[in-house]
A.B. asks: 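Let me begin by handing over the structure; questions about it come next.
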Amino acid sequence: MTTPTLNQGLDHIAIRAYDLDASAAFYTEGLGFRFVREWTLGGGATRVVFLDAGDDRLIELFDAGSTPPGGSPQPLDPAHRPTDAERGRVAALVHFAIRTDDVPALWDRALAAGARPFAGPMKITTDAPDPMSFQAAFVYGPNDEVIEFIDRQTGDGSRR
């Protein structure tokens, strides 16, 4: 008898989209994600899309009218989007990161696909006994989600 692997890694991130079609296009055409499937789900999820970020890690997009499991029971109101400052004060999710080996190129591609800049490509070195250096950039996605592009390659070419 084999012991089950309880933690098999991150499966998906769910985002409610102000405009589901525009959001799906941003992630597929702009960032290179692959469309997996679309469905409806009883209990308030009127339209849902799975997009593969690579390695079977998914983004799940719910349309603005949905009240998805684990989310607010109220639909999004596209006419009353929060400001960046308001979102920053109440959002529990700080950002999610997409791994890349070319941060500036993915940053440019995201901006060309309609993302808003948050922080351009930069080198970051952690302050720790075993410092880690990496390159990163941040954008606001089509639903004001903050997306980080990260290359954690070290000076010797390995990744951390």
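This structure is a prediction, so every number in the text was calculated from the model and none was measured.
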A.B. asks: Where is the tightest heavy-atom contact between Ser72 and Arg16, given as atom of each residue plus distance?
C.D. replies: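 That closest heavy-atom pairing would be CB-NH2, 3.5 Å.
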A.B. asks: Tell me, please, whether Phe134 has Arg152 positioned over its six-membered ring: NZ or CZ under 6.0 Å from the ring centre and within 45 degrees of its axis?
C.D. replies: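 No cation-pi geometry.
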A.B. asks: Is Arg47 salt-bridged to Asp21, cutoff N-O under 4.0 Å?
C.D. replies: yes
A.B. asks: Given the rule in the side-chain contact (heavy atoms from CB on, under 4.5 Å) test, do Tyr18 and Arg81 qualify, once you have shown the distances and angles that lead to the verdict?
C.D. replies: CA-CA 9 Å; Tyr18 289 102; Arg81 291 174 73 148; 3.4 Å; yes
A.B. asks: Less than 4.5 Å apart, side chain to side chain, heavy atoms only: is that true for Gln135 and Pro104?
C.D. replies: yes
A.B. asks: How many angstroms lie between atom CZ of Phe62 and atom CG of Leu76, to the nearest 0.5 angstrom?
C.D. replies: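 Between Phe62 CZ and Leu76 CG, I get 11.5 Å after rounding to 0.5 Å.
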A.B. asks: Quick check: is Ile13 connected to Tyr27 through a chain of hydrophobic side chains (ILVMFWY, heavy atoms under 4.5 Å apart)?
C.D. replies: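 Yes, one cluster joins them.
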A.B. asks: What about Val139 and Ile150, same hydrophobic cluster or not, with Ile/Leu/Val/Met/Phe/Trp/Tyr joined at side-chain heavy-atom distances under 4.5 Å?
C.D. replies: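 Cluster IDs for Val139 and Ile150 differ.
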A.B. asks: Are Val103 and Met122 packed together at the side-chain level, in the sense that at least one heavy-atom pair is separated by less than 4.5 angstrom?
C.D. replies: no
A.B. asks: If we ignore hydrogens and angles and just use 3.5 Å, is the side chain of Asn143 paired with the main-chain N or O of Glu145 as donor and acceptor?
C.D. replies: no
A.B. asks: Heavy-atom distance under 4.5 Å between the side chains of Val49 and Leu20, does that happen here?
C.D. replies: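 Result yes, sub-4.5 Å side-chain heavy-atom pair found.
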A.B. asks: Check the hydrophobic clustering (I, L, V, M, F, W, Y; side-chain heavy atoms under 4.5 Å; chains of links allowed) and say if Trp107 and Val146 are grouped together.
C.D. replies: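 No; Val146 is not reachable from Trp107 via cluster members.
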A.B. asks: Rounded to the nearest 0.5 Å, what separation is found between the CG atom of Asp144 and the CD atom of Glu86?
C.D. replies: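 Between atom CG of Asp144 and atom CD of Glu86 there are 10.5 Å.
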A.B. asks: Evaluate the side-chain proximity of Leu61 to Ile59: yes if any heavy-atom separation is below 4.5 Å, no if none is.
C.D. replies: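 Result yes, sub-4.5 Å side-chain heavy-atom pair found.
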A.B. asks: Side-chain heavy atoms under 4.5 angstrom apart, residues restricted to Ile, Leu, Val, Met, Phe, Trp, Tyr: same cluster for Leu10 and Ile98?
C.D. replies: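 Yes: a chain of side-chain contacts under 4.5 Å links Leu10 to Ile98.
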A.B. asks: With a 3.5 Å distance limit and no angle check, can you tell me whether Glu29 reaches the backbone of Phe26 through a side-chain donor-acceptor pair?
C.D. replies: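 No; judged by distance alone, with no hydrogens or angles, the pair does not exist.
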A.B. asks: What distance separates Asp101 CG from Arg99 CZ, expressed to the nearest 0.5 Å?
C.D. replies: 11.0 Å
A.B. asks: Using only atom types and a distance under 3.5 Å, with no angle test, would you say the side chain of Asn7 pairs donor to acceptor with the backbone of Gly9?
C.D. replies: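 At least one qualifying donor-acceptor pair exists.
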A.B. asks: Does a side chain donor of either Asp63 or Thr46 reach within less than 3.5 Å of an acceptor in the other side chain?
C.D. replies: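 Side chains of Asp63 and Thr46: pair found under 3.5 Å.
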